[in-house]
Amino acid sequence: MSALSVASVLAGRIPLDEVVTLKGWVRTRRDSKAGFSFLAVSDGSCFDNVQIVAPNTLANYTTEVLQLTTGCAVACTGKLVRSQGKGQAIEMQADAVEVIGWVEHPDTYPVSPKQHTFEYLREVAHLRPRTNTFGAVTRVRHALAMAAHQFFHDNGFFWIHTPIVTASDAEGAGAMFRVSTLDIANLPKTGDGRIDFSKDFFGKPTFLTVSGQLNVETYCLALSKVYTFGPTFRAEQSFTPRHLAEFWMIEPEIAFADLSADADLAEAFLKHLFRSLLDSRQDDMKFFAERIDKDCITRLEKFVESSFERITYTDAVKLLEQSGRKFEFPVKWGLDLQAEHERYITEHIGRPVVVMNYPKDIKAFYMRLNDDEKTVAAMDVLAPGIGEIIGGSQREDRLDVLDQRLDAQHLDKNAYSWYRDLRRYGSVPHAGFGLGFERTIQYATGMANIRDVIPFPRSPGNADF
RNA sequence: UCCCCGGUAGCUCAGUGGUAGAGCGACGGACUGUUAAUCCGUUGGUCGCUGGUUCGAGUCCGGCCCGGGGAGCCA
């Protein structure tokens with residue numbers, strides 16, 4: 001007899017009175033003098049635990065069942081029956097409770113059945129998936145990832161596995177981690193005293209990628225609709241609830257497309273993610289609405305029903321200037337929007353906002369210069385409560401303009417020779433964006449700190465586990 | 001990197017220069033088709049580290065470490 005998941009049992013997919021085995025971890029044990037104990041057992045397959053009724057006629061009742069504590073691993077075999085108690089429809093009348101793994105010294109088990117702060121649980125990141133919250137986050141994270149792949153697959157996109165290690169040190173998205181096998185205590189030097197990277201593993205300086213975009217553009221100009229979905233690294237000294245040193249990013253790229261098509265894609269994509277999540281993880285979303293953020297379900301429902309507001313950067317600046325608000329940072333055409341400005345815009349409009357066409361001087365070299373020659377076809381999607389969730393653009397597809405932009409930002413054209421080649425051989429208008437996957441999970445669940453929506457967060461000073 | 005707040009029992013916290021506390025957890029008992037059960041009891045401390053002020057420091061001062069929030073950077 002093979003073990004079933006708690007999810008399949010609680011969903012009613014197994015006939016009552018059938019004898020089955022369920023394996024999982026004890027959440028709580030409650031003893032009744034009426035001659036049995038209740039075990040709440042979780043296997044992580046769904047939010048709810050299954051209730052196991054273990055009678056005192058079991059051979060190991062006093063020797064083992066009564067010794068069970070939170071965290072013990074058990075295999076329970078018995079008949080599925082309609083529950084006599086409130087709180088669950090189905091439970092198991094156990095014929096056998098086998099202890100697979102004890103918790104040694106229960107007083108030292110870090111995840112006791114009580115409220116813990118998320119800060120504390122980060123210190124026991126190897127055990128926090130056993131809590132309600134982290135189990136729910138994990139299932140939601142999976143559901144969103146699968147929904148992303150499903151959306152792209154259904155729309156004819158191909159998943160491109162862009163490299164993690166890159167020699168391009170100016171991808172323009174922030175500080176990078178160096179990848180090297182050189183002995184840092186004894187660095188090889190060139191004649192003029194500089195580090196001799198020709199002796200390094202790749203024969204040149206290499207780094208962890210800050211974006212798969214430049215690489216994925218090459219596949220876009222061959223397979224038309226592509227995306228990346230993988231880890232990304234930023235060596236910024238960022239200490240905020242929205243930043244990680246290692247995070248996952250989804251970056252679609254579409255050929256024969258302009259910024260407007262890019263915004264259309266962003267909107268359709270995000271709506272699909274959230275619609276799919278609401279559909280597939282009702283149990284976990286109900287938990288988030290009850291315990292974490294009471295508005296999360298209604299926020300997503302509203303999100304999938306309403307259209308994004310689209311405004312230009314220029315109009316956004318006007319909106320801020322006419323707001324009558326006192327901002328800490330100046331509002332002026334040509335200056336980047338600050339967090340407080342973005343917050344005002346999203347709160348004022350009350351739904352996701354796409355801000356388009358930013359001044360060229362505050363944006364990356366690869367963004368397409370607009371006809372006004374002052375702005376580039378860039379967009380940021382701002383979500384209420386979380387800020388920038390997507391950054392994207394139409395790419396500069398004209399070689400001469402791209403070269404001007406590279407020069408203006410003092411970038412080495414030789415380092416971008418393959419990127420420039422794309423503009424020489426069958427160049428087409430194309431566009432794409434980057435979606436921070438963890439920020440998407442935060443937006444969906446209301447989890448306040450990004451370190452709590454990734455299994456093992458990496459941030460400055462913290463690479464434990 | 002800058003600004004603010006914090007670090008006291010396994011966890012969450014109170015403690016106003018004068019004997020180290022509570023709730024939860026764990027453990028023991030009572031009770032109960034129970035639901036983070038309830039009730040009674042027991043257990044539990046390098047007060048982040050370090051130096052100083054003081055008759056006396058968890059409490060005041062300096063330095064350092066760690067955590068949280070805000071800013072910047074961005075996704």
Is [X] touching bases, backbone alone, or none of the nucleic acid, heavy atoms closer than 4.0 Å?
| X | answer |
| --- | --- |
| Q115(A) | base |
| F38(A) | base |
| Q67(A) | nothing |
| T69(A) | sugar-phosphate |
| I390(A) | sugar-phosphate |

Would you mind reading off the distance between [X] atom [atom1] and [N] atom [atom2], rounded to a whole angstrom?
| X | N | atom1 | atom2 | answer |
| --- | --- | --- | --- | --- |
| L68(A) | A26(B) | CG | C1' | 15 Å |
| H116(A) | C13(B) | NE2 | P | 13 Å |
| E342(A) | C73(B) | CD | C1' | 12 Å |
| L66(A) | G28(B) | CG | C1' | 14 Å |
| K363(A) | C73(B) | NZ | P | 10 Å |
| L121(A) | G10(B) | CG | P | 17 Å |
| N56(A) | U34(B) | CG | P | 17 Å |
| R458(A) | C74(B) | CZ | P | 24 Å |

Whole-angstrom distance between [N] and [M], as gauged at atom [atom1]:
| N | M | atom1 | result |
| --- | --- | --- | --- |
| A37(B) | G69(B) | P | 30 Å |
| G45(B) | G7(B) | C1' | 15 Å |
| A57(B) | U8(B) | C1' | 14 Å |
| G23(B) | G44(B) | P | 16 Å |
| C24(B) | A9(B) | C1' | 12 Å |
| G18(B) | G56(B) | P | 14 Å |
| G62(B) | U19(B) | P | 25 Å |
| G33(B) | U46(B) | P | 42 Å |

- [ ] Starting from the C-alpha separation in whole Å, work towards a yes-or-no answer on salt bridge (charged side-chain N to carboxylate O under 4.0 Å, His left out) for E123(A) and R128(A).
- [x] CA-CA 9 Å; E123(A) 296 169 11; R128(A) 68 178 184 170; over 6 Å; no
side-chain N/O [X] vs [N] OP1/OP2, d < 4.0 Å:
| X | N | result |
| --- | --- | --- |
| S32(A) | C31(B) | no |
| R234(A) | C74(B) | no |
| T117(A) | U12(B) | yes |

Task: Parallel, tilted or perpendicular: ring planes of W159(A) versus H149(A), cut at 30 and 60 degrees - done: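 Correct class here is tilted.
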Open item on the list: Tell me whether D283(A) contacts the main-chain N or O of F47(A) through its side chain, where contact means a donor paired with an acceptor under 3.5 Å.
Closed with: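 Yes; at least one donor-acceptor contact below 3.5 Å.
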Task: side-chain contact (heavy atoms from CB on, under 4.5 Å) assessment of R451(A) paired with H243(A) - done: CA-CA 8 Å; R451(A) 294 165 210 181; H243(A) 288 86; over 6 Å; no
TODO: Would you check if there is a donor-acceptor pair between the side chains of Y358(A) and D336(A) at a distance under 3.5 Å?
DONE: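 Side chains of D336(A) and Y358(A): no pair found under 3.5 Å.
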Task: Check: S393(A)/R395(A) side-chain N/O donor and acceptor closer than 3.5 Å - done: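 S393(A) vs R395(A): donor-acceptor pair found between side chains.
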Which base sits across from [N] as a Watson-Crick or G-U pair, both distances under 3.5 Å?
| N | value |
| --- | --- |
| A26(B) | U42(B) |
| G33(B) | none |
| G6(B) | C66(B) |
| C13(B) | G21(B) |

Task: Proximal nucleotide (of A37(B), G33(B), U32(B)) relative to the D31(A) side chain - done: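 So the side chain of D31(A) is nearest to U32(B).
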- [ ] Map T70(A) and Q93(A) onto RNA chain B by nearest heavy atom, then report which one ends up closer to the 5' terminus.
- [x]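 Its nearest nucleotide being more 5', the pick is T70(A).
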Open item on the list: For R29(A) and E388(A), find the nucleotide of RNA chain B closest to each by heavy atoms; which residue's nucleotide sits nearer the 5' end?
Closed with: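 Final value for this comparison: R29(A).
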- [ ] Find out whether F151(A) and L273(A) are in side-chain contact, i.e. whether some heavy atom of one side chain is under 4.5 Å from a heavy atom of the other.
- [x]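 No - every pair of side-chain heavy atoms lies 4.5 Å or more apart.
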Dump the pairs, protein N or O against N or O of nucleotides 66-72 of chain B, anything under 3.5 Å, distances to one decimal.
from: G68(B); atom 1: OP1; to: R122(A); atom 2: NH1; distance (Å): 2.5
from: G68(B); atom 1: OP1; to: R451(A); atom 2: NH1; distance (Å): 2.9
from: G68(B); atom 1: OP2; to: R451(A); atom 2: NH1; distance (Å): 2.9
from: G69(B); atom 1: OP1; to: N449(A); atom 2: ND2; distance (Å): 3.1
from: A71(B); atom 1: OP1; to: R343(A); atom 2: NH2; distance (Å): 2.7
from: G72(B); atom 1: OP1; to: Q338(A); atom 2: OE1; distance (Å): 2.4
from: G72(B); atom 1: N2; to: Q237(A); atom 2: O; distance (Å): 2.9

Task: Presence of donor-acceptor pair under 3.5 Å, side chain of Q84(A) and base of U34(B) - done: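 No such pair is found, so the answer is no.
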